Amino acid sequence: MRIAVYPGSFDPITNGHLDIIKRASKIYDKLIVGVLDNSSKKPMFSAEDRKKMIDEAINGIDNVTCDVFSGLLVDFAKIKGADVIVKGLRTVSDFEYELQMALLNKALNPEFETMFMMTNTKYSYISSSMVKEVAKYDGELDGLVPKNVITKLKDKNKREI
């Protein structure tokens with residue numbers, strides 16, 4: 001059984017992330033979306049809230065699950081029985097950063113391969129940071145994030161006003 005991990009902060013999950021999830025789920029027997037709980041960052045949503053949004057967005061994709069992790073990605077992947085790490089790429093700068101991370105992960109645990117997937121061009125301009133900026137100014141979010149995330153972003157902004 002081929003098991004892959006697709007890690008990220010997903011703060012929040014975007015349609016670009018969801019596209020990578022759907023495409024990777026067709027390649028691997030099981031795909032685990034790993035939500036990084038990084039204590040040194042201040043995310044908009046808690047790790048558990050991000051997991052809930054992802055769980056709603058992946059509902060109906062039978063071979064995809066979501067879990068929260070902290071610490072090293074290779075440790076999480078090993079615990080989950082994965083042998084592949086999936087990374088989505090939007091830009092050349094994404095590739096430079098992700099290549100460094102892939103080489104580091106390979107040095108930490110040579111068992112793991114990293115598979116890079118190019119983002120669908122219709123999502124290549126979308127990032128979680130940009131989504132949060134659009135939401136902050138009550139801009140149009142349709143097409144940027146799954147429907148369930150739009151509601152969460154709007155609710156979050158109303159509470160912070």
Side-chain angles (χ1 to χ4, degrees), residues 1-120 123-124 126-132 135 144-150 152-153 156:
M1 175 181 262
R2 297 280 305 191
I3 300 172
V5 169
Y6 177 40
S9 56
F10 305 106
D11 187 39
I13 185 172
T14 68
N15 284 344
H17 294 133
L18 193 55
D19 177 61
I20 296 289
I21 290 167
K22 288 176 180 176
R23 290 169 41 217
S25 75
K26 294 175 184 171
I27 298 169
Y28 298 100
D29 299 311
K30 182 176 182 182
L31 178 67
I32 302 156
V33 179
V35 177
L36 178 61
D37 187 11
N38 186 341
S39 59
S40 68
K41 288 190 174 183
K42 297 222 180 235
M44 176 180 253
F45 296 99
S46 71
E48 278 306 314
D49 285 343
R50 288 179 274 152
K51 180 188 180 314
K52 286 177 191 169
M53 286 187 278
I54 293 168
D55 284 338
E56 289 174 19
I58 64 173
N59 186 28
I61 310 173
D62 294 337
N63 65 331
V64 180
T65 60
C66 183
D67 206 351
V68 174
F69 76 101
S70 59
L72 294 175
L73 171 59
V74 292
D75 293 340
F76 174 71
K78 187 172 184 123
I79 289 166
K80 294 298 183 180
D83 53 3
V84 176
I85 296 166
V86 174
K87 293 293 199 134
L89 301 175
R90 290 173 299 149
T91 63
V92 172
S93 59
D94 282 352
F95 175 75
E96 290 173 356
Y97 174 77
E98 294 299 350
L99 176 62
Q100 284 182 311
M101 293 303 298
L103 294 172
L104 175 61
N105 288 332
K106 192 75 163 166
L108 292 171
N109 190 329
E111 296 173 27
F112 293 107
E113 292 295 335
T114 299
M115 186 188 80
F116 297 114
M117 293 186 80
M118 295 305 303
T119 302
N120 185 313
Y123 303 121
S124 62
I126 301 173
S127 70
S128 294
S129 330
M130 290 179 185
V131 164
K132 288 185 278 195
L144 302 179
V145 294
K147 298 277 186 215
N148 65 300
V149 176
I150 293 173
K152 302 279 194 270
L153 281 164
K156 185 86 168 169

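Fair warning: this is a prediction, and the values are worked out from it, not measured in the lab. Numbering starts at 1 and runs along the sequence shown.
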Exercise for review: Kindly state each residue pair satisfying salt bridge (charged side-chain N to carboxylate O under 4.0 Å, His left out) with at least one member in residues 23-35, sequence neighbours excluded.
Suggested key: D19-R23
Check your understanding: Which heavy-atom pair separates V35 from S9 by the least distance, and what is that distance?
Key -> CG1-O, 4.0 Å
Exercise for review: Identify, with sequence neighbours excluded, every residue that meets ring pair (Phe, Tyr, Trp, His ring centres under 6.0 Å) alongside F116.
Suggested key: F95
Check your understanding: Hey, what's the ring geometry for F69 with F76, parallel, tilted or perpendicular (30° and 60° as the breaks)?
Key -> parallel
Practice item. For residues M130 and T14, determine if any side-chain heavy atom of one lies less than 4.5 Å from a side-chain heavy atom of the other. Key: no
**Study point:** K52 atom NZ, neighbour heavy-atom count above 12 within 6.0 Å
**Key:** no
Revision key, fill the gap. Note: K87 and P7 closest approach over all heavy atoms is CE-CG, 3.7 Å
Exercise for review: List for me each residue that meets salt bridge (charged side-chain N to carboxylate O under 4.0 Å, His left out) alongside K80, sequence neighbours excluded, and say none if there are none.
Suggested key: D67
Practice item. Using a cut-off of 6.0 Å, state whether more than 12 heavy atoms not belonging to K78 lie near its atom NZ. Key: no
Study note, to complete from the structure: Heavy atoms of S25 and N63 approach each other most closely as O-ND2, 2.8 Å
Practice item. Go through the steps for V68 and R50 under the test side chain to side chain contact (heavy atoms under 4.5 Å, CB included), then give the verdict. Key: CA-CA 9 Å; V68 174; R50 288 179 274 152; over 6 Å; no
Review point. Who are the ring pair (Phe, Tyr, Trp, His ring centres under 6.0 Å) partners of Y28, not counting sequence neighbours?
Key: none
Point to revise | Set of side-chain contact (heavy atoms from CB on, under 4.5 Å) partners for N148, sequence neighbours left out | key: M53, E56, A57, P146
Practice item. Not counting sequence neighbours, which residues clear ring pair (Phe, Tyr, Trp, His ring centres under 6.0 Å) with Y123? List them please. Key: none
